[in-house]
Structures are given as structure tokens and as C-alpha cells.
Amino acid sequence: MTNFHTPLSIDFFEKPTLNLAQSLLGCLLVKETPESICSGYIVETEAYMGPEDRAAHSFGNRRTKRTEIMFGRSGLVYTYQMHTHTLVNVTSGGVDKPEAILIRAVEPVEGIERMQQRRSLQDVKKLTNGPGKLTKALGITMQDYGSSYTKPPIYITSGIIPEHISIGPRIGIGNSGEAKDYPWRFWITGNSYVSK
DNA sequence: CTTATGATCCACT
DNA sequence: GTGGATCATAAGT
């Protein structure tokens, strides 16, 4: 809790999306608010590969006010409202490709009591094991849309080195044709905070 | 203005 | 594993 976190520099995010998705595993996602600081290790991610990915918001280069941020540089915060939940992504692919990485789960590290308050739930194992849950626990909102992960109040720092990484098909995109079987989901093998 | 559609969660079987 | 709640976003009338 007394650690001073140094955000990763922008060049960390300037690598191929599928590569970055794996590099993010084990990194510490930090969210600062006026009254507290909450953080967690990223344990599960999913890649959304832009124009060629039917499951992505940017499929077919569909560019709207909402997806606009994906057409910008890498390493930005793309928050999205879904079924009363906020989901958080890291933009990737640079200015040429509208790609993004969804953070699906984190392992609570700092501010756990604050997270329990926000979620009205004691069970730490279930606090952040889903994309909609971790945003509520950490206090990430649409206010963070367009911010950069290289500076407060929301940023990413180096964390732990995963022992082993698993790869598999993504979740919750059943009506996306062929794209639903692509192995673009990554998680830390055996970690109990990964969503089911 | 109206309608369709989810990158989800939770309760229940 | 299945289904309903519930609402912001986008496209159609």
C-alpha cells in the first residue's frame, strides 16, 4: 500500500496486439481515486482484432463516436457500457489498426476493503473475476474513457511474471461466426481469479 | 421517436 | 448449463 508505482512507458504498448495481450498478464492495473488507491494483477485478457474480427466493435472499420478511441494510438483506455456494467479495454494496433484488448479479470492486490465495499461482497475470489466486476471493484467508469495507461489516475505497471500462460477461444461472442473459435483469449494457468 | 442488439451478471435447475 | 434483467448505443422510421 505504500509502494510507489511507476507507470510503464508508451513503448510497452507498441507491439502486435496478440503479443501485447500476453505481455499484459501479470502486470498491475492501478486506479487512483481521491480517497483510495486500488490495484490488481491482470490475469485474463482477450484480443479484438479490428476490421477482420466479427466480434470486435470495430469490425469492418465501423467507426463511431464510441469506437473512435480504437483508431487512435495504442495504450489508451477504452471503456464501454454494457448491460449496466462498464468494461475496460487497452487500445492497440497503433493509429493504423482499430484493435483492442479486453481486460477480463484481475487478482486484487491493494485496496481490497474498498473493493468489497464497492461490490457489496466479501468473497475476494469473486470480487474481480469478470470484466464487469473488476471495473466496479476498482472504480473504473466512463470518466476514464480516452485516458492513457501511462499516467494517473489509471495506469499499468510491471507486476509479476506468470509461470505459465494458457490460450483458448473467447467468451460471450457466440453469434460472431467463425471468429468465435479464434484462440484470442489468454490467462494465467491455474490462477483462481480467472472468470469461468 | 422507436426498435434491435449485445465483449455481462446473477439466480436457479 | 440456461434464461431473464436491464440500459447505453446505433440505426431505422
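Convention: sequence-line order gives letters A, B, ...; per-chain numbering from 1.
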Student check: side-chain heavy atoms of A:Thr157 and A:Tyr149 closer than 4.5 Å: no

Look at atom CD of A:Glu163 and say whether more than 12 heavy atoms of other residues, nucleotides or ligands are closer to it than 6.0 Å. no

Under 4.0 angstrom, heavy atoms only, what part of the nucleic acid is A:Arg62 near: base, sugar-phosphate, or nothing? sugar-phosphate

Roughly, in whole Å, what's the span from CD1 in A:Ile69 to C1' in C:dT9? 17 Å

With a non-hydrogen cut-off below 4.0 angstrom, is A:Leu102 in contact with a base, only sugar-phosphate, or nothing? base

At a 4.0 Å cut-off to heavy atoms of chain A, the contacted part of DNA chain B spans B:dG6 to B:dC10

Would you say that A:Thr45 contacts A:Leu25 through its side chain, given a criterion of any heavy-atom pair below 4.5 Å between the two side chains? yes

Taking for each residue the nucleotide of DNA chain B bearing the nearest heavy atom, is the 5' side occupied by A:Arg119 or by A:Ser176? A:Ser176

Under a 3.5 Å cut-off for both distances, is B:dA7 Watson-Crick or wobble paired, and to whom? none

For the residue pair A:Tyr80 and A:His57, is the inter-centroid distance of their aromatic rings smaller than 6.0 Å? yes

Hey, mind stepping through A:Arg73 and A:Glu14 against salt bridge (charged side-chain N to carboxylate O under 4.0 Å, His left out) and telling me if it holds? CA-CA 9 Å; A:Arg73 71 173 169 82; A:Glu14 294 175 342; over 6 Å; no

Please determine, for C:dT6, whether a Watson-Crick or G-U wobble partner exists with both distances under 3.5 Å, and give it or none. none

Among A:Ile154, A:Val88, A:Leu127, A:Leu29, side-chain contact (heavy atoms from CB on, under 4.5 Å) partner for A:Leu138: A:Leu29

Using the ring of A:Phe12 (Phe, Tyr or Trp, six-membered ring only), decide whether A:Lys15 places NZ or CZ under 6.0 Å from its centre and within 45 degrees of its axis. yes

Quick check on side-chain contact (heavy atoms from CB on, under 4.5 Å): which of A:Thr189, A:Ile188, A:Val43 does A:Pro162 satisfy it with? A:Ile188

Below 4.0 angstrom, which residues in residues 80-95 of chain A have at least one non-hydrogen atom near DNA chain C? A:Gln81, A:His83, A:Thr84

Considering every strand and a 4.0 Å limit on heavy-atom distances, what is the contact class for A:Arg170: base, sugar-phosphate, or nothing? nothing

How long is the line joining CZ of A:Arg66 and C1' of C:dA8, in whole Å? 9 Å

To the nearest Å, how far apart are A:Phe59 CZ and C:dA11 P? 14 Å

Pairing of A:Arg170 and A:Asp53 as salt bridge, 4.0 angstrom limit: yes

